[in-house]
Amino acid sequence: MRFIHVFMSNESYLFKIVLLGEGAVGKTSLRKRYMGEGFEQAYSITIGSDFSIANKVIDGYKVIFQIWDLSGQPSFKIVRTGFYMGTHAALIVFDLANKHSFDEMENWINELYQHGTRGKVPIVIVGNKNDLIPQVSEESIEQFLAICASLSDTPVKLHYLETSALTGENVETVFDVLGRFFFEKYC
Ligand code: G3D
Ligand code: MG
């Protein structure tokens with residue numbers, strides 16, 4: 001099944017978003033925070049995938065985000081493959097307080113691009129847990145963003161934001177940015 005953007009009868013736009021990144025960087029927490037489900041201290045591993053439907057209004061447009069929260073754990077790599085199909089955008093998340101999660105970002109970009117999305121889907125890079133003491137330097141983030149831009153052979157919208165699922169900082173902004181990418185492309 002090819003999942004394309006749908007202009008719904010009630011004039012809402014439906015967009016599929018995939019959340020990528022290493023385990024425990026805060027993907028599920030960001031999704032739940034955006035859904036207004038608050039912040040959970042107890043960490044439960046996402047098995048395979050989980051998704052939420054968010055009905056929002058951004059810049060006067062009614063938007064339905066279908067947010068797929070994919071398991072970051074390597075053992076779920078095969079399970080993830082099907083979930084990239086028809087995706088409109090990717091949020092690729094690392095933990096600002098965990099250097100390893102940042103070092104793995106290039107692999108996540110490559111995995112996304114291996115699924116036919118190269119140069120096609122906008123990407124928001126998210127440095128989460130900005131309420132903690134950072135272990136990743138601003139310079140290395142800038143270098144990484146330059147690499148991301150060069151990995152795609154066609155221009156792709158790329159944006160970087162630092163968030164906290166704990167305090168809620170910038171969580172709404174991440175999705176507003178995505179919404180605006182979509183409006184530019186589809187409206
Ligand atoms: P994942 O879905 O990427 O695997 P989770 O990650 O959302 O399950 O979060 C993993 C752990 O990080 C959880 O803590 C969660 O509470 C915590 N976390 C998520 N986002 C933030 C954040 O912005 N700031 C801080 N300080 N912690 C965050 P536990 O302790 O339960 O493992
Ligand atoms: Mg999870």
Side-chain angles (χ1 to χ4, degrees), residues 15-40 43 45-46 49-52 54 56 58 63 65-73 76 80 83-84 87-113 115 117 120-149 151-152 156-182 184-185:
F15 296 112
K16 175 178 175 176
I17 299 167
V18 288
L19 270 169
L20 308 175
E22 290 296 289
V25 295
K27 300 179 296 298
T28 301
S29 303
L30 286 167
R31 176 171 60 88
K32 291 192 166 173
R33 167 65 75 179
Y34 186 61
M35 298 303 298
E37 292 175 28
F39 184 80
E40 280 172 31
Y43 174 49
I45 189 171
T46 303
S49 79
D50 202 354
F51 80 93
S52 297
K56 299 281 172 174
I58 299 174
V63 177
F65 288 127
Q66 190 187 56
I67 308 167
W68 288 81
D69 180 357
L70 307 181
S71 289
Q73 282 66 22
F76 291 118
R80 282 199 298 272
F83 297 114
Y84 287 100
T87 193
H88 294 101
L91 296 184
I92 313 186
V93 185
F94 67 96
D95 174 350
L96 283 159
N98 177 336
K99 176 86 169 47
H100 171 74
S101 72
F102 175 72
D103 293 340
E104 289 297 315
M105 288 293 278
E106 205 171 322
N107 290 335
W108 284 104
I109 298 265
N110 282 323
E111 185 173 309
L112 175 70
Y113 283 169
H115 292 84
T117 57
K120 290 188 186 142
V121 301
I123 298 171
V124 178
I125 306 285
V126 177
N128 187 42
K129 306 197 189 183
N130 80 346
D131 55 286
L132 300 178
I133 295 164
Q135 303 296 326
V136 183
S137 71
E138 284 178 19
E139 298 76 52
S140 48
I141 293 170
E142 274 166 31
Q143 278 172 13
F144 170 68
L145 293 174
I147 292 170
C148 287
L151 276 173
S152 177
V156 59
K157 293 274 184 187
L158 188 72
H159 202 94
Y160 173 65
L161 279 166
E162 295 187 351
T163 59
S164 169
L166 177 63
T167 67
E169 189 178 341
N170 268 341
V171 175
E172 202 79 27
T173 313
V174 166
F175 291 89
D176 286 351
V177 164
L178 273 184
R180 290 187 188 118
F181 281 165
F182 294 142
E184 270 177 42
K185 196 169 172 190

Between CD of E162 and CG of N128, what distance do you get to the nearest 0.5 Å?
10.0 Å
So, for V121 and H88, which heavy atoms are closest and what is the spacing to 0.1 Å?
CB-O, 3.5 Å
SB check K27 D69 (cutoff 4.0 Å)
no
Give me the atom names and distance for the closest heavy-atom approach of V171 to T163.
N-CG2, 4.4 Å
Identify which one of D95, N98, T167 satisfies the side chain to side chain donor-acceptor pair (under 3.5 Å) criterion when paired with K129.
D95
Atom of D131, atom of S164 and distance for their closest heavy-atom approach
OD1-OG, 2.8 Å
At their closest point, which heavy atom of L96 faces which heavy atom of G127, and how far apart are they?
CD1-O, 3.3 Å
Atom CD1 in I109, atom CG in L158: separation rounded to 0.5 Å?
7.0 Å
Got a second to check how far L91's CG is from I17's CD1, nearest 0.5 Å?
6.0 Å
In terms of relative ring orientation, are F175 and Y34 parallel, tilted or perpendicular, with 30° and 60° separating the classes?
parallel
Closest heavy-atom pair, A54 versus M35, reported as atoms and distance to 0.1 Å, is CB-SD, 3.6 Å
On the 0 to 90° scale, with breaks at 30° and 60°, tag the F182-F65 ring pair as parallel, tilted or perpendicular.
tilted
